[in-house]
Amino acid sequence: MTPLLQVQGIAKFYGARRGCEDVSFDLYPGEVMGIVGESGSGKSTLLSCLAGHLPPDRGEVIFDTRADGPRDTLTMSEPERRMLMRTDWAFVHQHARDGLRMGVSAGGNVGERLMAVGARHYGDIRDQAVDWLGRVEIAADRVDDKPQAFSGGMQQRLQIARNLVTGPRLVFMDEPTGGLDVSVQARLLDLLRGLVREMGLSAIIVTHDLAVVRLLADRLMVMKDGRVVEDGLTDQVLDDPQHGYTQLLVSSVLQV
Amino acid sequence: MSDYNFAYLDEQTKRMIRRAILKGLAIPGYQVPFASREMPMPYGWGTGGVQVSAACLTPDDTFKVIDQGADDTTNAVSIRKFFEKTAQVATTEETARASLIQTRHRIPEEALSEDQILVYQVPIPEPLRFLEPSEVETRKMHSLEEYGLMHVKLYEDISQHGAIATAYAYPVKVEGRYVMDPSPIPKFDNPKLGMAAIQLFGAGREQRIYALPPYTAVVSLDFEDHPFEPSKADHDCDLCGASDSYLDEVIVDDAGGRMFVCSDTDYCRSRRAAGHVGAQGAPYEEGAA
């Protein structure tokens, strides 16, 4: 099977300071990869490099495109890469307001990606928007409300709907549950797990919350100081950590 | 030396503006940056249009200025006087006699011909501005032809008002390429944008010039199930009886009395001179207005 995403030797430096270095992995269709590490460990830099928000200094990010098979997204032309970003890729930001248009209604937010790929029939766009709001548990009568009128959890679910409406194959998530209270986190994780399984999505989830990766991720990568210090199956890494830093990370989790 | 240079601006500046105009004509709908000068009037009063007019005027031109269709409002009168003083060109209120027409927010009712130029005053040239605040991003969207966001605005209109409520500055696509703001003309005027005359758009504060060559294909954006409709007040002109012109609603007393009159004053006057009388109009007398 061809990996959906092949990452080879990604490095990003901020001047002399290391953002991340020597990161390589393969992601297969339907697989969810978790990236954990403390603040400043380079996990967000890595995600930005993979998602095309930040040009890395070295390395390759090869994506298995629908049309032409595996291609390096870093050497693609900009229109191609941006097309990929709004069709096959999705990016869920930590803060919903970074990923939403706050002045545009919920329906418009969901419909934007459809219109960006050429949908020009209002009725169809609206039907799909209402359908997707339902799938992320937002009532249909909120379709014309602006995201300002939504709670934090609803905004995050709206952001997910807006991203998944074009049926992407790869979703990048940057701390998707950050800033939400635990009960809302639990519902969001439940929803995400359902959507990932149902749509056969591949995902890369960056988080510092080990519970999130335990629930969602098949595989885990632990980063420290810009390098990957340990990787493997999630349960294996969390239950039998080998690297000193991973052991510290796992033992730091508060038990209730 | 107390005279103005012809048409106020110095020759180098006019040359710079003409280059921007030619580039704009070569790439219809593309916003060409230019080094906008300070003019002896505030931004928002037509500094862009005035600079474009100054660069286009020749001593043989006949110049007309309209503001919301009218020849006799403050903005129109002051710009007309400005060029009377600085260029000594002939001026007129008759659309057909003018070789260069500067307009604010209207297209004249009378069809323009190939030997005329229409200059628009533009407040905000960027059609995506209120959707995407970053200029870097909007330029990228234009260059990559990513115009889905424009439809988000129309979507919002329909979801809130049941129909596309944008009534002026209605976005258009030019020759299947650039999305353009036609300046705040009513959408009633949008179908006329493919006219025979050259159309030039000047935005002074925003330092942009763009243009439509004659007979350019200009399409107003819409949805398949909510097609574009040019709209006007459902009424005839009360002075000249015209049913095909764009109307202003005028409040005439404190008791709710109102009348609808042509916003194009020259069109209305010429119709009344030809003997047309509307519901509240009196027969036309020369010089009576």
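By convention in this document, chain letters (A, B, ...) are assigned in the order of the sequence lines, proteins followed by strands, and residues within each chain are numbered from 1. In what follows, every heavy atom counts, from backbone to side chain, and hydrogens, waters and symmetry copies are set aside.
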Over 12 non-hydrogen atoms of neighbours within 6.0 angstrom of CZ in Arg97(A)
no
Only heavy atoms, only distances under 4.5 angstrom. Which residues in residues 18-35 of chain B are near chain A?
none
Nearest non-hydrogen partners of Asp144(A) and Ser159(B), listed with the distance:
OD1-CB, 3.4 Å
Quick check on the interface: out of Lys153(B), Lys140(B), Gln160(B), Glu145(B), who has the most heavy-atom pairs with chain A under 4.5 Å?
Lys140(B)
Between Glu112(A), Met83(A), His121(A), Arg126(A), the one whose heavy-atom pairs under 4.5 Å with chain B are most numerous:
His121(A)
Considering residues at least two apart in sequence or located in another chain, which fulfil the side-chain contact (heavy atoms from CB on, under 4.5 Å) criterion with Tyr215(B)?
Glu114(B), Ala196(B)
Sidechain-backbone polar pair: Arg101(A) side chain, Leu131(B) backbone, donor-acceptor under 3.5 Å
yes
For Glu38(B), does the CD atom sit with more than 12 other heavy atoms under 6.0 Å from it, leaving out its own atoms?
no
Taking atom CZ of Phe130(B) as the centre, report whether more than 12 heavy atoms of other residues, nucleotides or ligands fall under 6.0 Å from it.
no
More than 12 heavy atoms from other groups under 6.0 Å of CD on Glu137(B):
yes
Which atoms of Leu144(B) approach chain A - backbone, side chain, both or neither, heavy atom under 4.5 Å
side chain
Taking atom CG of Asp234(B) as the centre, does the number of heavy atoms from other residues, nucleotides or ligands within less than 6.0 Å exceed 12?
no
Contacts of Asp236(B) that satisfy side-chain contact (heavy atoms from CB on, under 4.5 Å) - sequence neighbours left out:
Ser243(B)
Report, by ascending residue number, the residues of residues 216-226 of chain B in heavy-atom contact with chain A at a distance under 4.5 Å; give 'none' if the set is empty.
Asp222(B), Phe223(B), Glu224(B), Asp225(B), His226(B)
Arg113(A), part contacting chain B, at a heavy-atom distance under 4.5 Å
neither
Tell me if a side-chain donor or acceptor on Glu156(B) pairs with a main-chain N or O of Ser105(A) at a distance below 3.5 Å.
yes
